Amino acid sequence: MQSIQDMLAQDRVLRIAHRGASDRCPENTLPAFRQAFAHGADMVELDVQLTKDGSLVILHDHYLDRTTTGQGLVAEHTEQEIVAYDAGTWFDSQFAGTHVPLLDDVLREFPEASFNIELKSFPLARSTELVDAVLSCVKAHDAMDRVLLSSFDHAALHTARTRSRDIALGALYCGRLWPAFQLAEALRLTSFHPDVASLDASFIAEARAHGYAVLTWTVQTPDMLQWAIANGVSGVITDVIDMPILT
């Protein structure tokens, strides 16, 4: 089993499955994660948020409507309600009966795999509760060295750092992050996570020279992939996990 730090130190572009193999399976589900690793993903990116009763479910949207048979805010439903919804039929009828997984389910099924867990802080008032719950779950599965926590909510990353000296952290952002290196030093970041349209080769070179990885999202086409590689990224977060990477 390879740690996140060792993985990011490798001299190759990492393939990170965005919500699993989401081009061929319903996103953020166990089938998507299984397919991602089966097709060579180095890591799976997934989204975690709190239910009304404090459980950790794997869902991207704050609303249930797009990817499940439920309706309304995730934060206003209990774990029991959410896991009863169908989370596969919207994608394809062959996935009927697929359910929203818990973070606990994922870490239990993949005891040696690496994950980029995006913290979805909604509502913001529960951000600290979310961080504490995620760290508790990760520790319970002895997965601290194979998990990278990322978020657009940099205050949540700060909370995570105050709770753990060693957990890997990545700052998600669009456009330019300012002041990038002051933030990185304050949070003891492992990685920067810019959107692919905002890549800046000079910044990436400086970041990597200072020991930070740069993981870009969401890379969906061969042209986008080559653009990312040309700009010197450490890894690409993509729905198309088996898209060839030529280095």
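Note that the structure is predicted; figures quoted are calculated from it, not measured.
- Interatomic distance, CZ of F192 versus CG of L199, reported as 13.5 Å (0.5 Å rounding).
- Minimum heavy-atom separation, C25 to P31: SG-O, 3.7 Å.
- How far CD1 of I58 is from CD1 of I82: 11.0 Å, rounded to the nearest 0.5 Å.
- Ring-plane geometry between F95 and F91 is classed as perpendicular, the angle between the planes exceeding 60 degrees on a 0 to 90 degree scale with a lower cut at 30.
- For the atom pair NE2 (H18) and CG (L46), the distance works out to 10.5 Å, reported to the nearest 0.5 Å.
- Within the 3.5 Å criterion, the main-chain N or O of I16 finds no donor-acceptor partner in the side chain of D42.
- V233 and T216 make their closest contact through CG1-CG2, 4.0 Å (heavy atoms, listed as atom of the first residue, atom of the second, distance).
- Hydrophobic cluster membership is shared by V48 and F33, with clusters built from Ile, Leu, Val, Met, Phe, Trp and Tyr side chains linked at under 4.5 angstrom.
- One finds the CG atom of L50 at 10.5 Å from the CG atom of L103 (value rounded to the nearest 0.5 Å).
- Following chains of ILVMFWY side-chain contacts shorter than 4.5 Å, one can reach L157 starting from V134, so the two form part of one hydrophobic cluster.
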Working note: R161 + I167, criterion side chain to side chain contact (heavy atoms under 4.5 Å, CB included); need CA distance, chi angles, decisive distance, verdict.
CA-CA 7 Å; R161 180 55 72 222; I167 191 76; 3.7 Å; yes
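- You'll find the side chain of V131 stays beyond 4.5 Å of the side chain of L149, heavy atoms only.
- Within 6.0 Å of atom NE2 in H158, 12 or fewer heavy atoms from other residues, nucleotides or ligands are found, so the atom counts as exposed in its surroundings.
- Under the 4.5 Å side-chain criterion, counting only non-hydrogen atoms from C-beta, F37 is in contact with V44.
- Under the 3.5 Å distance criterion, the side-chain polar atoms of D53 are matched with a main-chain donor or acceptor of E79.
- Aromatic rings from F203 and F181 are positioned such that their centres are separated by under 6.0 Å.
- Remark: side-chain polar atoms of H193 are not paired, donor with acceptor, to backbone N or O of V214 under 3.5 angstrom.
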Test side chain to side chain contact (heavy atoms under 4.5 Å, CB included) applied to R24 and H39, step by step
CA-CA 11 Å; R24 64 186 71 200; H39 285 82; 2.9 Å; yes
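- Of the possible polar contacts, one joining the T68 side chain to the L64 backbone as a donor-acceptor pair under 3.5 Å is found.
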For E27 and R66: C-alpha separation, side-chain torsions, deciding distance, then whether side chain to side chain contact (heavy atoms under 4.5 Å, CB included) applies.
CA-CA 11 Å; E27 65 181 59; R66 182 177 65 88; 2.8 Å; yes
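- Scanning all heavy atoms of the two residues, the minimum distance from G97 to T89 falls at N-OG1, 4.5 Å.
- Under the 4.5 Å side-chain criterion, counting only non-hydrogen atoms from C-beta, S234 is in contact with R208.
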Enumerate, atom names and distances included, each donor-acceptor pair closer than 3.5 Å involving a side-chain atom of residues 169-179, sequence neighbours excluded.
none

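- Criterion: ILVMFWY side-chain heavy atoms under 4.5 Å apart, direct or through other members. Under it, V138 and V57 are not part of a common hydrophobic cluster.
- In this structure, CD on Q71 lies 8.0 Å from NE2 on H77, to the nearest 0.5 angstrom.
- Side-chain contact between M243 and P222 is present, with at least one heavy-atom pair separated by less than 4.5 Å.
- Ring to ring, Y63 and F122 are not that close: their centroids are 6.0 angstrom or more apart.
- When the shell of 6.0 Å around CD of Q94 is examined, it contains more than 12 heavy atoms from other residues, nucleotides or ligands.
- Formation of a donor-acceptor pair under 3.5 Å by the S121 side chain with backbone atoms of S127 is not found in this model.
- Under a 4.0 Å N-O distance rule, the pair R19/D47 qualifies as a salt bridge.
- For the residue pair L119 and A156, the shortest heavy atom distance occurs at CD1-CB, 4.4 Å.
- Taking 4.5 Å as the limit, some side-chain heavy atom of F110 sits within range of a side-chain heavy atom of R34.
- Take E129 and apply the side chain to side chain donor-acceptor pair (under 3.5 Å) test, not counting sequence neighbours, and it matches R126.
- Summarising the geometry, atom CG belonging to D65 is positioned 9.0 Å from atom CG belonging to L73; distances are rounded to the nearest 0.5 Å.
- Residues R146 and L107 approach most closely at NH2-O, 3.9 Å, considering heavy atoms.
- Looking only at side-chain heavy atoms (C-beta outward), Q10 and L8 stay at 4.5 Å or farther from each other.
- Around atom CH2 of W90, more than 12 heavy atoms belonging to other residues, nucleotides or ligands sit under 6.0 Å away.
- Nearest heavy atoms, V106 versus P101: CG2-CB, 4.2 Å.
- L130 and V147 fall within a single hydrophobic cluster, where Ile, Leu, Val, Met, Phe, Trp and Tyr are joined by side-chain heavy atoms under 4.5 Å apart, directly or via other members.
- Environment of NZ in K139: crowded, with over 12 heavy atoms of neighbouring residues, nucleotides or ligands closer than 6.0 Å.
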Could you go through the side-chain hydrogen bond (donor to acceptor under 3.5 Å, both in side chains) check for S164 and D166 one step at a time?
CA-CA 6 Å; S164 171; D166 301 317; 5.5 Å; no
Pair Q220, T238 - check side chain to side chain contact (heavy atoms under 4.5 Å, CB included), show working.
CA-CA 6 Å; Q220 304 293 59; T238 176; 3.6 Å; yes
From CA spacing to verdict: side-chain hydrogen bond (donor to acceptor under 3.5 Å, both in side chains), S150, N116:
CA-CA 7 Å; S150 65; N116 172 187; 2.9 Å; yes
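- Between T67 and N28, the side chains place no donor N or O within less than 3.5 Å of an acceptor N or O (distance only, hydrogens not considered).
- Evaluation of the salt bridge (charged side-chain N to carboxylate O under 4.0 Å, His left out) rule for R163 yields D132 as partners, not counting sequence neighbours.
- By the criterion of side-chain heavy atoms lying less than 4.5 angstrom apart, applied directly or through intervening Ile, Leu, Val, Met, Phe, Trp or Tyr residues, L148 is grouped together with W217 in one hydrophobic cluster.
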